[in-house]
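Given the structure is predicted, the values throughout are model-derived calculations rather than measurements. All chains are named by letter (A, B, ...) in the order of the sequence lines, taking the proteins before the strands, and each is independently numbered beginning at 1.
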Amino acid sequence: MSGSVIVKVLFFASAREAAGNISSTDLELSASADTASLRKSLAEKYPKLAEMVLDEENLTLALNEEYVTSGQVLPLKNGDTVALIPPISGG
Amino acid sequence: MSGSVIVKVLFFASAREAAGNISSTDLELSASADTASLRKSLAEKYPKLAEMVLDEENLTLALNEEYVTSGQVLPLKNGDTVALIPPISGG
Amino acid sequence: MATSNESSSDRYWIKVAENIPSLEECSAFVSAPTCGAISTFVGITRDNFQGKKVVKLSYEGYVSMAEKELRKLCDEASQKYDVTKIAAVHILGDCPVERASVILACSSPHRRDALQCVAYLIDELKARVPIWKREVYEGDDSVWKENVE
Amino acid sequence: MATSNESSSDRYWIKVAENIPSLEECSAFVSAPTCGAISTFVGITRDNFQGKKVVKLSYEGYVSMAEKELRKLCDEASQKYDVTKIAAVHILGDCPVERASVILACSSPHRRDALQCVAYLIDELKARVPIWKREVYEGDDSVWKENVE
């Protein structure tokens, strides 16, 4: 659909809890949306998530299962999956 | 017995083979015997062992289950056990 | 051993799931006639943290990405060290005290590669694999942990 | 688990014998509620050495002194690293290809101590413990090995 893109957002751990225990959602965004603007959109949509999602040090994004490195801004296209990655603690 | 000591000598691995597959023997030595003279006594008694037993780099001694360090010479007393330790290869 | 649901190949056994193989199974998987050394690491739930009594850990993962990162990790480790096979498995869900949460195993012709590879894998896993641990204390208090490294 | 014939205590499981415990048993022995990490090393008979086909290794030991040295080694390792329990077992007699000749396991609250302790133990075992390995090749040729380190 021209004029907007739909991306799937995945929420994990403390990010999921802050978003009201939502595990995933489809978001409709503008065609010019990127990973930075997504953070803002999420902050508006989920106020309790705002502080976390706007802090790149505290919450990393993964685009289609690839980490978005600090400072990087990537365009989003229709069908992309973005995961919200709080600090990891495997092992 | 005054005038001599009896020590048990243990033979392992290649040293055992060089001594004609003897695992252990009791040796009667002079009261002044030490680890250096023991090497000489063994070299005389077991000629095929001579080269190995006279080479401190190639064959270490253990006195009562303690390694005799390179260059060290220790007196022997009645009832001591001396082991002939070729290069080790555990693990 | 490895089923079609698991991320595996002849060289790697990678699994992020509620049911993980045992240490013995991981060790058997990496065993090979050309290998003289197997080194393993097992991460286990401890019963205490800073004076508090831990009842269990509870793990959550971005499974598809976690397994993908583990595969990358195994590829990198195989480049860096002379290893023959690697098992890298991580539990999901609850992990009570003294139970294994992660098992890593490497095989190699010689010990140094196997030992160094396992150490590398656990360090990198803790830094890169999207898995999260909630530590549950006596009295039902709990907290999301962060790997400090 | 540990019988009265074995050199052991609540902290160490030390055994040099024809029948040694499995990896799983060693790991279970060192497991403790206070420990977050278990690291293990298994030395295994490889099928080849410098182009020659190895049929088996055959181990001989000065058992009483070997176990004594292993106990000293465990004491030193426990001084050097924050480890809780150690298993250190070594086979005697024949060890066919892919079978374990030595198993080392350490447990610790944190991984670095467990990992470093196991690496230290295998290095020191190879340098100090009076055990000898005969490598038997296809065609019945054999040679006494020397640990180069």
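- The local environment of CG in D:Asn19 is sparse, with at most 12 non-hydrogen atoms from other residues, nucleotides or ligands closer than 6.0 Å.
- Using a 4.5 Å heavy-atom threshold, the side chains of D:Pro130 and B:Tyr67 count as touching.
- Only the side chain of D:Trp144 comes within contact range of chain B, with at least one heavy atom under 4.5 Å from a heavy atom of that chain.
- Considering OH of D:Tyr62 and CG of B:Leu10, their distance stands at 5.0 Å, rounded to 0.5 Å.
- The minimum heavy-atom distance between B:Phe12 and D:Gly61, with the atom names listed, is CE2-O, 3.7 Å.
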| request: Please lay out, stage by stage, how B:Glu65 and D:Glu69 fare under the test side-chain contact (heavy atoms from CB on, under 4.5 Å). | output: CA-CA 9 Å; B:Glu65 299 184 357; D:Glu69 287 294 320; over 6 Å; no
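- Counted within 6.0 Å of NZ on D:Lys72, heavy atoms from surrounding residues, nucleotides or ligands total more than 12; the atom is thus considered enclosed.
- Only the side chain of D:Tyr59 comes within less than 4.5 Å of a heavy atom in chain B; its backbone stays farther off.
- Taking all atoms of both residues into account, the shortest heavy-atom contact from B:Asn64 to D:Lys68 is O-NZ, 3.6 Å.
- Using a distance-only test at 3.5 Å, with no hydrogens or angles considered, a donor-acceptor pair links the side chain of B:Ser89 to the main chain of D:Lys145.
- Neither the backbone nor the side chain of B:Ser23 comes within contact range of chain D; no heavy atom of the residue lies under 4.5 Å from a heavy atom of that chain.
- D:Lys126 and B:Gly90 make their closest contact through CG-O, 3.4 Å (heavy atoms, listed as atom of the first residue, atom of the second, distance).
- Only the side chain of D:Ser101 comes within less than 4.5 Å of a heavy atom of chain B; its backbone N, CA, C and O stay farther away.
- When heavy atoms are compared at a cutoff of 4.5 Å, B:Glu66 approaches chain D by way of both its backbone and its side chain.
- When the candidates B:Ala13, B:Pro86, B:Ser14 are compared by the number of heavy-atom contacts under 4.5 Å with chain D, B:Ala13 comes out ahead.
- By the neighbour-count criterion of 12 heavy atoms within 6.0 Å, atom CD of D:Glu24 is densely surrounded, having more than that number from other residues, nucleotides or ligands.
- Within 6.0 Å of atom CG in B:Asp26, more than 12 heavy atoms from other residues, nucleotides or ligands are found, so the atom counts as buried in its surroundings.
- The CD1 atom of D:Ile131 sits 8.5 Å away from the CD1 atom of B:Ile88 when rounded to the nearest 0.5 Å.
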